[in-house]
Amino acid sequence: MSRIVGIDLGTTNSAVATVDSGIPFVIADAEGNRLTPSVVHFPEKEEPVVGHKANRVRLIKPQETVYSAKRFMGRRGADIPREEMLVTYPVRGEGGGPVTIDIHDRSLTPEDVSAEVLKKLKRDAENYFGEPVTRAVITVPAYFNDAQRNATKAAGELAGFTVERIVNEPTAAALAYGLDKLKEKTKIAVYDLGGGTFDLSILELHNGVFQVLATHGNTRLGGDDLDKSIVDFLIEKIAPNVESLNGYMVASREIDSVIKQTNDATVLALLSRIREAAEHAKIKLSSENEVEIALPFLTPEFSFSCKLTRAELENLTREIILRTRPHCLRSLSDAKLEAKDLDQVILVGGQTRMPLVRQLVSEWFGCAEFTETRGEVRLGEEYHKAKGPQLNTSQNPDEAVALGAAIQAEILSGGFKHLLLLDITPLSLGIETFGGLMNVIIPRNTTIPVKAGEMFTTAVDNQKSMLIHVLQGERERAKDNWSLGRFELEFEPAPKGVPRVGVQFEIDANGILHALARDIKTGTQKIVQMKSAVDVDDADVQKMVEESVEHAFDDLRARQWIEEKIKAGGNISATRKTMAEFASELDPEYKTQLEAAIEAVEKVLEAEEPKTKTGDPRKLKEANANLDEVTKPLADFAMDKAMEALLRKRGMIE
């Protein structure tokens, strides 16, 4: 059977790794590069060009070269903000349809593009081993939803892999840092800031098992955003001297938008050179205090040169880095921990080489102070005297995720038997119930793989089917959460409350959801895999979690109102039905009392707010309680009559 390799399929760079004699390492390509840019150039008649060669061609033919395709994988066109479409290549996506990339009369999907990157990594691995490699573990950002995970798996299959496992990137990184060697109950924060994504995960080690306690992040925040801030800074200096750039200098405007909107080859070349210079300067300033940015012969008459200091870079990018802090705080809160409870904070992703990132992370988590050594920021020797967690920068941040994937691959192959990796689901999963509420079946931060279910019944007489509306999110009302899909289960008509339908959710080891609904009476069932039914915009993940806290009291009030409203409807219906049945036998004064109690409930129901569709649950609860109290004699009377009829039927009374 083929060996299993570990792959970090990144937004900016990708890597393939393996384990040999117990040592994980990243496999280099024929040119000695261990990182492969996630860039693919599509010539008109030749085979696609991938990696460093494609990155070089990107400067010349930006409209035929695809980068950051990972951001579009598994997403619907309607859910992608316009600014994300502002890349240098043609992207199309409308409504519920998938995103497509149209180049040379070819309609490519993001999965097609990622498959080309994976094919290149597959060839590199096969060249190293001298044999076919057909099995892989592939990593994804922790906040990739079900559709995006399936899209990643599909890309792997298009590349010729059997995808054995999809693993969250921060969790894989923890394996690479050798955290299994730490003491029991060790708690670790994984700060992962890459080219295009950010995640902060809290993990705990117990009996050789890594368990994710919480995770939070943004899959559209990374080093690319820092590059754009430097590009704006450079264009502001260059534009007064380069006439062709005058029309493109808007400080808040994304360079990709500029490139996409011009067909001027000269301008495209200028902007591409500026972007490359910005990235190189950023990288150099991680180890140097000042760099010179030289762009000779931008025009025949003008060459550009300027100095950029580390302090200036930090001023340009500080606000972007600060955007990662709320995710750190949220993860700690979800894990019910404080920073001082952590043992280590590990840094993952190439952007964490930046001194400002290390400084801020150290401050946020209360890590030991830094010392400057040979131009690098490292942990001070006095760490053990500090009260905070250790800042662990011992691994190459660019390679840690791939190494962790390789370790997971080795675990699946039967090696590293003392290790086990457990992931979590970052958002709650449930179904819509009567009244428009969300009933949670699998809570947020549940360890996966997991299987859970509940029993449900009907709310309407003679109902012939039940609509299973699968939801993902943290809000109380279904409409405030995301829809993952709908399917129906049919059954025999029966009075309300009689049918029994079991609903079960199963999240497999790859984080993919399978929903099952079964009619308990007949055994009829449906199983649906939630794969491409919907995509959740990753920026909205953060927004949803924050709103779940912000609107917690309003949501609770809405749930209480809806539950009381459902109860009121049932009470009123049952009371009127019983009153009609025994109308001639009820005391007129008591009937008036019943009508008054019903009217009081209906009056509160009428007071619901048109916009929110909710009213005062406290008043409705009081009105319901009053109706319950008033109807007790009626219920006792109806019960006596029912018992009398039963005894008469059995001949026990005349």
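When a residue number appears, it is its place in the shown sequence, counting from 1.
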*Asks:* Does some side-chain heavy atom of Arg3 sit less than 4.5 Å from a side-chain heavy atom of Arg135?
*Replies:*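 A side-chain contact is absent here, since even the closest heavy-atom pair is not under 4.5 Å.
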
*Asks:* Regarding Arg275 and the six-membered ring of Tyr67, is the cationic atom NZ or CZ under 6.0 Å from the ring centre and inside 45° of its axis?
*Replies:*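 Pair Arg275/Tyr67 counts as cation-pi.
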
*Asks:* With side chains defined as the heavy atoms from C-beta onward, is the minimum distance between Glu116 and Val113 less than 4.5 Å?
*Replies:*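 With C-beta onward as the side chain, the pair stays apart.
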
*Asks:* Could you tell me whether Glu279 and Lys282 make a salt bridge, using a distance below 4.0 angstrom between a side-chain N and a carboxylate O?
*Replies:*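 Between Lys282 and Glu279 there is no salt bridge, as every charged N stays at least 4.0 Å from the carboxylate O atoms.
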
*Asks:* For Glu31, enumerate each residue passing the side chain to side chain contact (heavy atoms under 4.5 Å, CB included) test, keeping only those at least two apart in sequence or located in another chain.
*Replies:*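 Testing Glu31 for side chain to side chain contact (heavy atoms under 4.5 Å, CB included), a comparison that skips the adjacent residues, returns Asp29, Asn33, Lys53.
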
*Asks:* Mind checking the CG-CD spacing from Asn55 to Glu276? Nearest 0.5 Å is all I need.
*Replies:*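 Here the rounded value is 7.5 Å.
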
*Asks:* Using a strict 4.0 Å threshold on nitrogen-to-oxygen distance, state whether Glu169 and Lys70 make a salt bridge.
*Replies:*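 A salt bridge links Glu169 with Lys70.
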
*Asks:* Which heavy atom of Thr65 sits nearest to which heavy atom of Ala54, and what is that distance?
*Replies:*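 Here Thr65 and Ala54 meet closest at CG2-O, 3.7 Å.
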
*Asks:* Could you grab the distance from atom OG1 of Thr139 to atom CD1 of Ile7, nearest 0.5 Å is fine?
*Replies:*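 Reported to 0.5 Å precision, the distance equals 9.0 Å.
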
*Asks:* Of all heavy-atom pairs between Gly366 and Pro389, which one has the smallest distance, and what is that distance?
*Replies:*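 Taking Gly366 first and Pro389 second, the nearest heavy atoms are O-CD, 3.9 Å.
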
*Asks:* Any donor and acceptor pair, going by atom type alone, linking the side chain of Asn481 with main-chain N or O of Glu474 inside 3.5 Å?
*Replies:*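 Looks like yes, one N/O pair under 3.5 Å.
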
*Asks:* Without hydrogens or angle criteria, can the side chains of Asn392 and Ser394 be said to hold a donor-acceptor pair below 3.5 Å?
*Replies:*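 Looking only at side-chain atoms, Ser394 and Asn392 do form a donor-acceptor pair, the distance falling under 3.5 Å.
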
*Asks:* Of all heavy-atom pairs between Leu193 and Gly222, which one has the smallest distance, and what is that distance?
*Replies:*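 Scanning both residues completely, I find the closest heavy atoms to be CD1-CA, 3.9 Å.
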
*Asks:* Run Lys284 and His280 through side chain to side chain contact (heavy atoms under 4.5 Å, CB included) and show every step you take.
*Replies:* CA-CA 6 Å; Lys284 283 186 177 181; His280 287 168; 5.5 Å; no

*Asks:* If you round to the nearest 0.5 Å, how far is CD1 of Ile274 from CD1 of Ile230?
*Replies:*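 It comes to 13.0 Å.
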
*Asks:* Would you please classify the geometry between the Tyr89 ring and the Phe72 ring as parallel, tilted or perpendicular, with 30° and 60° separating the classes?
*Replies:*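 If you compare the ring of Phe72 with that of Tyr89, the planes turn out perpendicular.
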
*Asks:* What are the two closest heavy atoms between Thr352 and Pro397, and how far apart are they?
*Replies:*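 Minimum heavy-atom contact is OG1-CB, 3.5 Å.
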
*Asks:* Would you call the rings of His327 and Phe198 parallel, tilted or perpendicular, taking 30° and 60° as the class edges?
*Replies:*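 The rings of His327 and Phe198 sit tilted, inter-plane angle from 30° to 60°.
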
*Asks:* Distance from Ile4 atom CD1 to Phe161 atom CZ, nearest 0.5 Å?
*Replies:*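 Output value for this atom pair is 11.5 Å.
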
*Asks:* Which atom pair, heavy atoms only, marks the closest approach of Ala281 to Leu308?
*Replies:*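 It is CB-CD2, 4.4 Å.
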
*Asks:* Indicate yes or no: does Asp224 engage Lys228 in a salt bridge with an N to O separation below 4.0 Å.
*Replies:*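 Not counted as a salt bridge, because no side-chain N and carboxylate O are separated by less than 4.0 Å.
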
*Asks:* Hey, is NZ on Lys187 packed in by over 12 heavy atoms from elsewhere, all under 6.0 Å?
*Replies:*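 Enclosed.
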
*Asks:* Quick one: list whatever passes side-chain hydrogen bond (donor to acceptor under 3.5 Å, both in side chains) with Ser331, sequence neighbours left out.
*Replies:*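 Result, side-chain hydrogen bond (donor to acceptor under 3.5 Å, both in side chains) vs Ser331: none returned.
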
*Asks:* List the steps and the verdict of side chain to side chain contact (heavy atoms under 4.5 Å, CB included) for Gln148 and Met73.
*Replies:* CA-CA 6 Å; Gln148 290 166 306; Met73 289 177 64; 5.6 Å; no

*Asks:* Leu332 versus Leu200: any side-chain heavy-atom pair under 4.5 Å?
*Replies:*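 In short, these two side chains do not touch, never coming nearer than 4.5 Å.
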
*Asks:* Under 3.5 Å, side chain of Tyr191 to main-chain N/O of Arg358, donor-acceptor pair present?
*Replies:*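 A pair under 3.5 Å: no.
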
*Asks:* Does any non-hydrogen side-chain atom of Val361 lie less than 4.5 Å from one of Thr324?
*Replies:*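 Not in contact.
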
*Asks:* Taking only residues two or more places apart in sequence or in another chain, which ones pass side-chain hydrogen bond (donor to acceptor under 3.5 Å, both in side chains) with Asp341?
*Replies:*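 Asp341: no side-chain hydrogen bond (donor to acceptor under 3.5 Å, both in side chains) contacts found.
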
*Asks:* Under the 3.5 angstrom rule, does the side chain of Thr317 hit a backbone N or O of Leu313 as a donor-acceptor pair?
*Replies:*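 Confirmed, Thr317 side chain pairs with Leu313 backbone.
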
*Asks:* Can you confirm whether Leu429 sits close enough to Ile507 that some side-chain heavy atom of one is under 4.5 Å from a side-chain heavy atom of the other?
*Replies:*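 In contact.
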
*Asks:* May I ask you to say whether Lys120 pairs ionically with Asp124, meaning some side-chain N is under 4.0 Å from a carboxylate O?
*Replies:*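 A salt bridge is present here (some side-chain N lies under 4.0 Å from a carboxylate O).
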
*Asks:* So how far is it from Leu285 CG to Leu356 CG, rounded to the nearest 0.5 Å?
*Replies:*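 CG of Leu356 is found 11.5 Å from CG of Leu285.
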
*Asks:* Would you please name every residue forming a salt bridge (charged side-chain N to carboxylate O under 4.0 Å, His left out) with Glu399, sequence neighbours left out?
*Replies:*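 Per chain and number, Glu399 pairs via salt bridge (charged side-chain N to carboxylate O under 4.0 Å, His left out) with Arg34.
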
*Asks:* I'd like to check the salt bridge (charged side-chain N to carboxylate O under 4.0 Å, His left out) partners of Glu410; sequence neighbours left out, ordered by chain and number.
*Replies:*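 In terms of salt bridge (charged side-chain N to carboxylate O under 4.0 Å, His left out), with neighbours along the sequence ignored, Glu410 is linked to no residue.
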
*Asks:* For Thr109, which residues count as a side chain to side chain contact (heavy atoms under 4.5 Å, CB included) partner, sequence neighbours excluded?
*Replies:*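 Side chain to side chain contact (heavy atoms under 4.5 Å, CB included) check on Thr109 returns Glu111, Asp112.
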
*Asks:* Before you tell me yes or no, could you show the steps for Leu35 and Val26 under side chain to side chain contact (heavy atoms under 4.5 Å, CB included), namely the whole-Å CA-CA distance, both residues' side-chain angles and the distance that decides it to 0.1 Å?
*Replies:* CA-CA 8 Å; Leu35 293 182; Val26 174; 5.7 Å; no

*Asks:* State, without any angle test, whether Ser14 and Ser38 hold a side-chain donor-acceptor pair at a distance under 3.5 Å.
*Replies:*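 Yes, a side-chain donor-acceptor pair sits under 3.5 Å.
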
*Asks:* Verify side chain to side chain donor-acceptor pair (under 3.5 Å) between Tyr128 and Thr18, making sure each step is shown before the conclusion.
*Replies:* CA-CA 10 Å; Tyr128 174 79; Thr18 189; over 6 Å; no

*Asks:* Find out whether Asp334 and Arg330 are in side-chain contact, i.e. whether some heavy atom of one side chain is under 4.5 Å from a heavy atom of the other.
*Replies:*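 Asp334 reaches Arg330 side chain to side chain.
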
*Asks:* Just how far is it from atom CZ of Arg310 to atom CE of Met354, taken to the nearest 0.5 Å?
*Replies:*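 Interatomic distance, Arg310 CZ to Met354 CE, rounded to 0.5 Å: 9.0 Å.
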
*Asks:* Please lay out, stage by stage, how Val140 and Asn168 fare under the test side chain to side chain contact (heavy atoms under 4.5 Å, CB included).
*Replies:* CA-CA 5 Å; Val140 295; Asn168 284 346; 4.0 Å; yes

*Asks:* Where do Val117 and Val50 come nearest, in terms of heavy atoms and distance?
*Replies:*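 Of all heavy-atom pairs spanning Val117 and Val50, the closest is CA-CG1, 3.9 Å.
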
